[in-house]
Novice: 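Sharing a structure with you now.
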Amino acid sequence: MIENRLFNIQDAELRAYSEDSKMIISGYAAKHNIESRLLAEGGKIFTEILLPGAFREVLNDDVFLTFNHDKNKVFARTVNKTLTLEEDNIGLKFRAELNETSGSIDLYKMVERGDIFSNSFAFTVDNEGQQWSRSSNGDPIRKISRISKLYDISA
């Protein structure tokens with residue numbers, strides 16, 4: 001099952017800038033060790049924490065930069081190196097050189113002005129990549145140690 005996660009607004013780092021007359025957006029698609037908001041999926045209600053190294057095995061996947069996870073709105077891609085991914089001590093960092101379409105110009109301007117300021121990502125995780133426990137008040141917590149597949153990063 002493909003899951004989407006919206007990055008907490010207060011933790012978002014999304015910015016637009018020009019580099020050698022190219023439109024660039026960059027930021028963190030996810031951060032480590034931050035407890036998510038309450039999630040409801042597969043009949044479960046839980047919070048989630050991404051552990052350091054969770055993205056290590058998917059950095060070379062064919063990943064798209066999209067808008068609202070719409071594969072008809074692709075603005076950069078890892079296979080042509082217009083989207084680069086790096087997992088550092090903070091989380092999953094990305095840098096995208098946008099293509100020169102009207103949609104990219106719109107996206108760039110909306111990020112630059114602050115109309116769009118958060119990211120999400122689509123992924124799958126297998127049973128070996130997750131551990132379940134309970135918080136001190138008994139709520140389920142899912143800790144993800146290994147993402148199985150990363151599909152996109154989405155503004």
Side-chain angles (χ1 to χ4, degrees), residues 1-37 39 41-42 46-131 142-155:
M1 172 177 75
I2 297 176
E3 302 178 56
N4 293 328
R5 292 294 179 268
L6 175 63
F7 204 44
N8 294 330
I9 291 170
Q10 67 269 20
D11 299 316
E13 291 185 28
L14 180 62
R15 64 189 189 107
Y17 58 94
S18 179
E19 184 178 280
D20 297 327
S21 73
K22 296 175 184 169
M23 296 180 296
I24 307 293
I25 63 170
S26 66
Y28 282 90
K31 288 187 176 180
H32 301 134
N33 297 317
I34 295 174
E35 193 167 340
S36 71
R37 61 178 169 71
L39 302 168
E41 278 191 8
F46 58 97
T47 58
E48 191 169 74
I49 299 172
L50 291 163
L51 300 176
F55 294 95
R56 178 178 38 248
E57 294 180 19
V58 296
L59 294 175
N60 294 318
D61 284 357
D62 183 10
V63 179
F64 301 90
L65 175 71
T66 64
F67 181 71
N68 284 335
H69 302 285
D70 184 345
K71 290 289 194 301
N72 294 311
K73 295 179 181 171
V74 174
F75 300 103
R77 193 171 179 177
T78 54
V79 294
N80 67 2
K81 302 199 184 338
T82 56
L83 174 63
T84 57
L85 305 173
E86 170 189 354
E87 187 173 22
D88 62 16
N89 62 335
I90 296 170
L92 180 62
K93 186 176 184 177
F94 74 93
R95 179 186 177 278
E97 179 184 317
L98 301 181
N99 54 36
E100 296 179 12
T101 63
S102 58
S104 288
I105 294 167
D106 292 346
L107 177 62
Y108 179 84
K109 294 292 186 185
M110 288 186 287
V111 171
E112 182 180 50
R113 195 171 84 164
D115 299 328
I116 296 174
F117 49 82
S118 62
N119 304 303
S120 58
F121 61 101
F123 68 102
T124 54
V125 62
D126 59 28
N127 287 334
E128 292 79 37
Q130 59 187 326
Q131 302 84 40
R142 178 187 186 195
K143 292 184 179 176
I144 296 178
S145 59
R146 189 179 75 234
I147 301 289
S148 307
K149 174 78 175 138
L150 182 61
Y151 298 93
D152 72 1
I153 294 170
S154 188

Novice: Ion pair present between Arg146 and Asp126, side-chain N to carboxylate O less than 4.0 angstrom?
Specialist: yes
Novice: Ring-plane angle category for His32 and Phe55, please: parallel below 30°, perpendicular beyond 60°, tilted otherwise.
Specialist: tilted
Novice: Indicate yes or no: at least one non-hydrogen side-chain atom of Ile105 is less than 4.5 angstrom from one of Met23.
Specialist: yes
Novice: Would you indicate whether the side-chain heavy atoms of Arg77 and Leu65 approach each other to under 4.5 Å?
Specialist: no
Novice: Side chains of Leu83 and Val63: closer than 4.5 Å at any heavy-atom pair?
Specialist: yes
Novice: Whether the side chain of Thr78 engages the backbone of Thr84 through a donor-acceptor N/O pair (distance < 3.5 Å, no angle test) should be reported.
Specialist: no
Novice: Do the charged groups of Lys93 and Glu87 touch, with an N to O distance under 4.0 Å?
Specialist: no
Novice: If you define the side chain from C-beta out and look only at heavy atoms, does anything of Leu107 sit under 4.5 Å from Lys109?
Specialist: no
Novice: Can you find a pair of side-chain heavy atoms, one from Leu50 and one from Asn33, that are under 4.5 Å apart?
Specialist: no
Novice: In this structure, are over 12 heavy atoms from other groups packed under 6.0 Å from Glu100 atom CD?
Specialist: no
Novice: Does NZ in Lys149 sit with more than 12 non-hydrogen atoms of other residues, nucleotides or ligands closer than 6.0 Å?
Specialist: yes
Novice: Under a 3.5 Å distance rule, please check whether Asp70 uses its side chain to pair with a backbone N or O of Asn72 as donor and acceptor.
Specialist: yes
Novice: Please answer whether the main-chain N or O of Asn99 pairs with a side-chain N or O of Ser104 as donor and acceptor at a distance below 3.5 Å.
Specialist: yes
Novice: Is any side-chain heavy atom of Asn119 less than 4.5 Å from a side-chain heavy atom of Phe94?
Specialist: yes
Novice: Has the side chain of Ser26 got a donor or acceptor atom that lies under 3.5 Å from a matching backbone atom of Arg95?
Specialist: no
Novice: So Phe75 and Phe67, do their side chains get closer than 4.5 Å, heavy atoms only?
Specialist: yes
Novice: Under 4.5 Å between any side-chain heavy atoms of Glu41 and Phe46, yes or no?
Specialist: yes
Novice: Can you check whether Leu150's main-chain N or O pairs, donor with acceptor, with Asp61's side chain at less than 3.5 Å?
Specialist: yes
Novice: Taking the side chain from Thr82 and the backbone from Ala76, do they hold a donor-acceptor pair closer than 3.5 Å?
Specialist: no
Novice: Once rounded to the nearest 0.5 Å, what's the spacing between atom CD1 of Ile25 and atom CE of Met110?
Specialist: 10.0 Å
